[in-house]
Amino acid sequence: MAVPRLAHTWVRHWGQAGPGRSQFGGQPAACSCHHRNPDHRPHLAGSRCKVNRSPPIATDARIQRPRSLPPRCPLSPLRPLFLCPLLGSPRPARHAAPHTPSKPKPSFLPATRTDVRRATVASTAAAAEDTAGPLVPAGGPPPADLERAVMAAVKASEARGDPPLLRAVELSRVAAGIPSADLAGILVSNLCFAHNSPSLWKLLGQAMASRLLCPLHVLALLTPRVLPQRRAQPEAYRLYLELIKSNVTATSLSIEPGPNRDRVTRSIADALQLSKTYGSCETEYGHIVVMFVLAVVTRLIDSILEDCGFPSGSADGKESLYAIEGPQPMDLDAERVSTDSQNEHREQLRRKNTAMALDVLHMMVAHRKIQSFLRLIYLNMPEKFSSLNQRLSSIEAHKVALETLLPSGHKINDLLIDIQRVCNADYQPNNKRIVGAFRNMRSSGSLLGQLTGAGRPACWIIFDIYMEVAIDGRHLSGVSAIEVLKETTKTLQVLNEASWQETFKALWISALRLVQRGREPLEGPIPHLDARLCMLLALIPLSIAGILKEESDVLGTEGSKILPRRQGLMSSLQDLIQYSGLLVPPSSVVSAANAAASKAAIFKANYKAGGGNSSMMAQTDSSTRAVGNMLHLIIEACISRNLIDTSAYLWPGYAVPSGPSKDATLPQESPWLNFMKGASLSGPLIDALVATPASSVAELDKLYNIAANGSEEEKTAAAKILCGASLVRGWNIQEHMVGMVVKLLSVSLPSDSSTSTPGSMSHYLAQMSTLNEILLGVSYGDVIHILSLYGMVPDVAAALMPLCEAFGSIAPPPNHKSTILGETSVYSVFSCAFLCLLRLWKFYKPPQEYCLAGRGGSVKLELTLDYLLLMRNNFIDFSHSSTPSRASYNNMGSVNEVPVQPVYIDSFPKLKAWYFQNQACIASTLSGVSNKNPIHQVANKILSMICRKISKGGVSSSNLSSTSSSSVGGSSVSASDDSCQRPAVPAWEFLEAVPFVLEAVLTACAHGRLSSRDLTTSLRDLVDFLPASLAAIVSYFSAEITRGIWKTVPMNGIEWPSPGASLHSIEAEVKEILAFAGVQIHSCYPRGVPPMLPLPMAALVSLTITFKLDRSLEYIHGIIGQALENCAGASSWPSMPIIGALWTQKVRRWHDFIVLCCMRSPFGRDKDAVSQLVQSCFSSFLQSSSGGSDITAYRGVGALLGDSITNQGLRLPMAPGFIYLRTCRTFHDTYFVSEVILKQVIEWAHKLASGWSFNGPPQLKSGRTPLSCAASMAHQVAMLGGGLLCIAGGPLVVQVLYEDTLPTLLLSAREQSLKDPGPVSSTLQGYAMANMLFFCSSLLWGADKTSPAMKLSFLSRRPRVVGTHMDFIAGVLDGHILLGCNPGTWKAYVSSFVFLVVKFVPSWLLDIKLDTLKKIAAGLRSWHEHDLALSLLERGGPQAISVVVETLL
């Protein structure tokens, strides 16, 4: 047995002091035989007892245990063997026979508290007459008498020779409760070191084993007493380590709630000085337990380091950690003279104690329970965990020396690995169960690469989807694409468990595909290629810069060391060299790519000529040429933003010079060089600077200073240049250009002025020409879209509002006739600023698109003016916080300085009045105005002006007015009065009257008092006089079209323009394109059916085709194009084919662009078409491909989105995913779309499971899909579904998916087609549903969205939405809600969803109620998911610490 060896170890450790000497501090050793004879005198151990003349107690390995006790300690389930033999368990005297049980056969069952109580009753009668003093009352003695009673009981029990069990029982009769905090304090205080005896140590161990004392409490009391004295008391230190080893990882350490536990908890905190050391003021038992573990682990590490001669890792010093209040008496024999052998023995014991301390420490941190406790601190109290990190750094620094000094030094590395495992607390599923196997498959890159369908590249499909949607200029975003890309990149890197090299590579590949799809864009009003190049060459580098900056802020920069993320970026760029097909540049950027390649070739040649020394580079022939591609432009964009350095020019295969060519013309000198040399801004130089992008920030700074401080002519020229090619194609400095343009729009007023004072009016008028050039430049082409990609829409809106307020309050000169003539006037500047402001949000949205019956609220998160101002003002609030501002990562400097003052719409009363009037016009019909109202007078003047030609035909404005009771009414106005024909009123007054004029003329046309031609002419005259009137026309007509109260008119070419044969041609092309995409639609206008349009729609389209295609009218075309499409989508009448046919007749070169626009119209009203399109998206994405496993292979992404939009016209077949992304914003019922997508995910999961469970002969496995492949494909299906759903509906649809759609599906009965899907199919369905729901929410909310814009836009709903869904799960698991789905589906769904949240976004759990987490954890444990349940609670925040501790104890 191990008992004799341990007994012998006790003698060896405590030394052989000879007769009359104790091995415990040199005190005389007491006799170990215990007699009830009162005349018995203590005698030396090893000598014959003079009372009963019994032989001496053996001190060798042949010590016998008393027959009254089993060979193992019966008091604890842990059976602490070390204390019984180590402390010299004596053989009872021969005359102590009454204590021998009648059945000498020992029992090996562990004693429980019930056993202790039984032993107490059995021993009371026999021991009553020998007990010192009367029995202690049940309530316990007074505190002053407790120590005396305890020590008396200890001495009496020892005198009787009671076995250890009965000794512990005697203590329980003294203590007031179990466990007793006072009893533990008394025993430890006497043990250290007033009565430092082996019997007392043994009694303490027995009391801990029987749970009469709380083991953690005793260890907490011993820690500050023993550790400081471990050199002087090596024996006590050894026993302390043995106690830790036996008790700290034991089971059943919990204490019943009550006063005793509260006292124990406070005593532990006081003994370890937790409030002083860690600043912990928690009083809950669970918190104290985890802090106890942290304190013991850190102090053991400090002890090991100090005993080995190294400084501890404590930042506060040894005294603050180990000092105990007051002096600590030591039981040392000062009279004994230690011999050399004894000193050597004690020194050996000290060395062995150090090794044992390492063993105990390793045993602790390797234990699952201790790791869980440490993980709780790491996750919920990281500032307290830092103290352990300091110790680990010290161990790492002295690792080699420690391994040499300690015999078990190899455990140092194991210790570090175990604690590192605590920090890398990723939950790993149990692969022994099918759900756990599914979860683990998703992290296997090699497995995903073996898929026959989408493959590993499909894991990054979200990049392609987001970029393609962001390029759609019809929908502007208030959030910067830089922020969205940065957060999406970090989220996908976590979800796909990919390296940064793979992540950045996928990001570049997606952007290159984006450019290739539009390399030859459709000719139309907006050239989208500029925005695509902006995404690749500016926005993605800036988003990567933000990611790299976050890393450098956390890890710092250590000299020339390359951090992991930056190294991943460089590796990803080097990998791009092999994708030659994606690197072919569009024709418009070939020259720029060649210039970048030539620059690299020249650098490489100079570097080689300088002998490889960059400081001694020679200057070679600058005529060296090279053929460039998109990679060269990407590298230049990265170098300009300091993401990489010029060493990239030396990468193998990057710069391949083609040599000087005689035929090749040398590039002309850049006009910016002449400008920097001081050339004046003359006509030719201005045109050259407008057409050539700037190459450096210094050039922009000089130009900006001229625009801000130059003469009037210089300001106008500089503003024109700033809005030219440098803004659209200056990718390397584009962020600086954007900031400059917005700052120039924000005209600063004097500090004591407002927009309505005369001084401010003159201030604006003085800058009218400069502002006009900037506004025209901003309104051109893709510029507004590019500004929105940079997240500048809120800033642009705030800059335009004071301009509109000021110029709209100034009356034009009396001789003003028309604005669309090229001259700069108050009306022209106001119209350009006002229409540009309206392009930032859908001001003309019909009411039905704002709410959906049955739920209320908004269908989509559409921008409004209020929302834009809210975003800007919140950005100001966040700018002074720890969150980095927009300029923190792109180095835009003072040009993009954070605005100081918030902007509110109340500051602009005229704009506010129009804003509310526009909303009222959209919501309801107009109400009449009295004759004395100023609006009535202005409206009559406008009617007189636009109807002056009609009056010659016999129709007057008064006659027009009288046709509608709700429109303008009053007396006739003479048409010959020129002053009345041209109302010289401020623009705001003019706009206020326009809706009443429109109602009058439209009603007159409906009643036949005004011809269609005259109506169109009147509207055109109105827009010519004040172009801003177009906003009121679009808003009023859109509302009237939505109401559907106007009659339809024939588009026959007589009264209204006729679409002719173009109508049927466009319809046929649209049907053919959609048929190739798997969508079948019906013809709206079969041959023989005359085309018809509602009167307001006919009037609007007739007005729009009267405008010329001129660059000076870009600000008008930017409004009417989207207005027509939105009006057609809002109408129940199929209008878009007619509109497209009319515009095709006007501009034939726009044919393909118009067909693409018409292709979107069927999906706004046909739910069957939407369902077919969604099905085609999933089918194309999952189609099999036998060739290649490359990331660019034509499989998932290529088949879904296509490779190119055009190839000498519209290319067939057009990819269904591209059609979906171009039409998803037109879906009226996005909730229906979410249900369709969810059902597609479930159906495809069933199909994949059916493919796995092949029903052929068992021997034939060739037709059977591997289960691993099926699970991985289900993962891809879920990711695609999540991406499509987020794009179609945004945060609100995801919220409905959480709160309504998915719970309803789980609660409803299964469909007949899937009545018995089988175990694999049901499990795979639940797995796919959980993944889809998680991907939707993680893409919107992520785990670490910290930017102000992202917080404002997405994160506010997450706690409530996720909390509601988790409550639903808890309710089902708790039995309060009954399910209708398959139990296997439910189990797979819950397990997978909880796993995904725990593993990837544990921060979500901090907002979940503790009761909900407990119910879910209980349900998981019932499914034997114990590890997942524990991980869920561990990440529940500080509120869940006590629950976790109670579970583990």
Side-chain angles (χ1 to χ4, degrees), residues 462-463 465-492 507 531 534-535 538-540 542-547 734-735 738-739 742 784-799 839-842 858 860-879 881 883-890 892 896 898-899 903 1221 1224-1225 1283 1286-1295 1336-1358:
I462 303 301
F463 282 149
I465 290 177
Y466 169 74
M467 291 181 192
E468 193 62 56
V469 170
I471 292 305
D472 188 1
R474 297 176 302 124
H475 304 278
L476 304 181
S477 173
V479 181
S480 170
I482 301 171
E483 296 288 343
V484 177
L485 283 171
K486 182 180 73 172
E487 299 297 338
T488 303
T489 301
K490 294 192 297 183
T491 300
L492 289 182
L507 183 63
C534 168
M535 178 69 72
L539 300 176
I540 289 181
L542 288 172
S543 66
I544 294 177
I547 295 174
Q734 196 170 47
E735 64 272 21
V738 169
V742 174
I784 284 287
H785 186 202
I786 291 174
L787 292 177
S788 75
L789 292 176
Y790 278 91
M792 302 300 292
V793 170
D795 298 270
V796 173
R839 287 181 63 183
L840 303 181
W841 87 94
K842 301 297 188 295
S858 195
K860 303 183 182 72
L861 188 62
E862 297 286 2
L863 294 181
T864 62
L865 184 59
D866 299 321
Y867 184 69
L868 291 176
L869 294 181
L870 179 64
M871 292 187 66
R872 180 186 181 276
N873 295 338
N874 273 272
F875 175 74
I876 298 176
D877 296 337
F878 281 113
S879 61
S881 65
T883 303
S885 65
R886 228 180 346 225
S888 61
Y889 54 80
N890 56 25
M892 294 172 69
N896 192 31
V898 177
V903 175
L1221 297 182
C1224 62
R1225 301 294 183 93
C1286 289
I1287 295 301
L1292 297 176
V1293 173
V1294 175
Q1295 176 181 346
C1336 287
S1337 51
S1338 61
L1339 291 175
L1340 290 175
W1341 302 322
D1344 186 30
K1345 286 184 170 60
T1346 56
S1347 65
M1350 302 299 284
K1351 285 184 177 180
L1352 180 66
S1353 301
F1354 303 112
L1355 290 184
S1356 59
R1357 299 175 182 266
R1358 188 194 72 195

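Along the sequence shown, the residues carry numbers beginning at 1. Computed over heavy atoms, backbone and side chain alike; hydrogens, waters and symmetry mates excluded. Please read these numbers as outputs of a predicted model, since none were measured by experiment.
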K.L.:
Any idea which heavy atoms bring C1286 and L1340 closest together, and the distance?
P.N.:
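Heavy atoms of C1286 and L1340 come nearest at SG-CG, 4.2 Å.
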
K.L.:
Indicate the atoms forming the closest heavy-atom contact of I540 with S543, along with that distance.
P.N.:
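Closest pair (atom of I540, atom of S543, distance): O-OG, 2.7 Å.
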
K.L.:
How long is the straight-line distance from SG of C1336 back to CH2 of W1341, given to the nearest 0.5 Å?
P.N.:
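Reported to 0.5 Å precision, the distance equals 9.5 Å.
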
K.L.:
Which value, rounded to the nearest 0.5 Å, describes the distance between E483 atom CD and T488 atom OG1?
P.N.:
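Interatomic distance, E483 CD to T488 OG1, rounded to 0.5 Å: 10.5 Å.
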
K.L.:
Atom NZ in K486, atom CD1 in I544: separation rounded to 0.5 Å?
P.N.:
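Answer for the NZ-CD1 pair, K486 versus I544, is 12.5 Å.
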
K.L.:
Closest heavy-atom contact between I1287 and C1224?
P.N.:
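Closest approach of I1287 to C1224: CG2-SG, 3.5 Å.
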
K.L.:
Is there a side chain to side chain contact (heavy atoms under 4.5 Å, CB included) between M467 and L485 once you walk through the steps?
P.N.:
CA-CA 9 Å; M467 291 181 192; L485 283 171; 4.2 Å; yes

K.L.:
When you look at L1221 and D472, which way does the side chain to side chain contact (heavy atoms under 4.5 Å, CB included) test go after all the steps?
P.N.:
CA-CA 9 Å; L1221 297 182; D472 188 1; over 6 Å; no

K.L.:
Please evaluate residues V793 and W841 with respect to the criterion side chain to side chain contact (heavy atoms under 4.5 Å, CB included), reporting the C-alpha separation (whole Å), side-chain torsions for both, the decisive distance (0.1 Å), and the verdict.
P.N.:
CA-CA 9 Å; V793 170; W841 87 94; over 6 Å; no

K.L.:
Can V469 and R1225 be said to form a side chain to side chain contact (heavy atoms under 4.5 Å, CB included), step by step?
P.N.:
CA-CA 10 Å; V469 170; R1225 301 294 183 93; 3.3 Å; yes

K.L.:
Going by the rule salt bridge (Lys or Arg N to Asp or Glu O under 4.0 Å), which residues pair with D866 if we only count those two or more places apart in sequence or in a different chain?
P.N.:
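So D866 forms no salt bridge (Lys or Arg N to Asp or Glu O under 4.0 Å) with any residue.
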
K.L.:
Backbone N or O of V903 within a donor-acceptor pair of the N873 side chain at under 3.5 Å?
P.N.:
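Between the backbone of V903 and the side chain of N873 there is a qualifying donor-acceptor contact (under 3.5 Å).
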
K.L.:
For L787, which of L476, V738, L840 qualifies under side chain to side chain contact (heavy atoms under 4.5 Å, CB included)?
P.N.:
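Answer after filtering L476, V738, L840: V738.
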
K.L.:
In Å, rounded to the nearest 0.5 Å, how long is the span from SG of C534 to CD of Q734?
P.N.:
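These two atoms lie 4.0 Å from each other.
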
K.L.:
Measure the OG-CG distance between S1338 and L492 for me, rounded to the nearest 0.5 Å.
P.N.:
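With rounding to 0.5 Å, OG (S1338) is 8.0 Å from CG (L492).
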
K.L.:
Would you confirm whether H785, through its side chain, and A470, through its main-chain N or O, come within 3.5 Å as a donor-acceptor pair?
P.N.:
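Side chain of H785 to backbone of A470, a donor-acceptor pair under 3.5 Å: yes, one is there.
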
K.L.:
Are E487 and L1339 packed together at the side-chain level, in the sense that at least one heavy-atom pair is separated by less than 4.5 angstrom?
P.N.:
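In short, these two side chains do not touch, never coming nearer than 4.5 Å.
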
K.L.:
To the closest 0.5 Å, what do you measure between CE (M535) and OH (Y466)?
P.N.:
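Between M535 CE and Y466 OH, I get 5.5 Å after rounding to 0.5 Å.
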
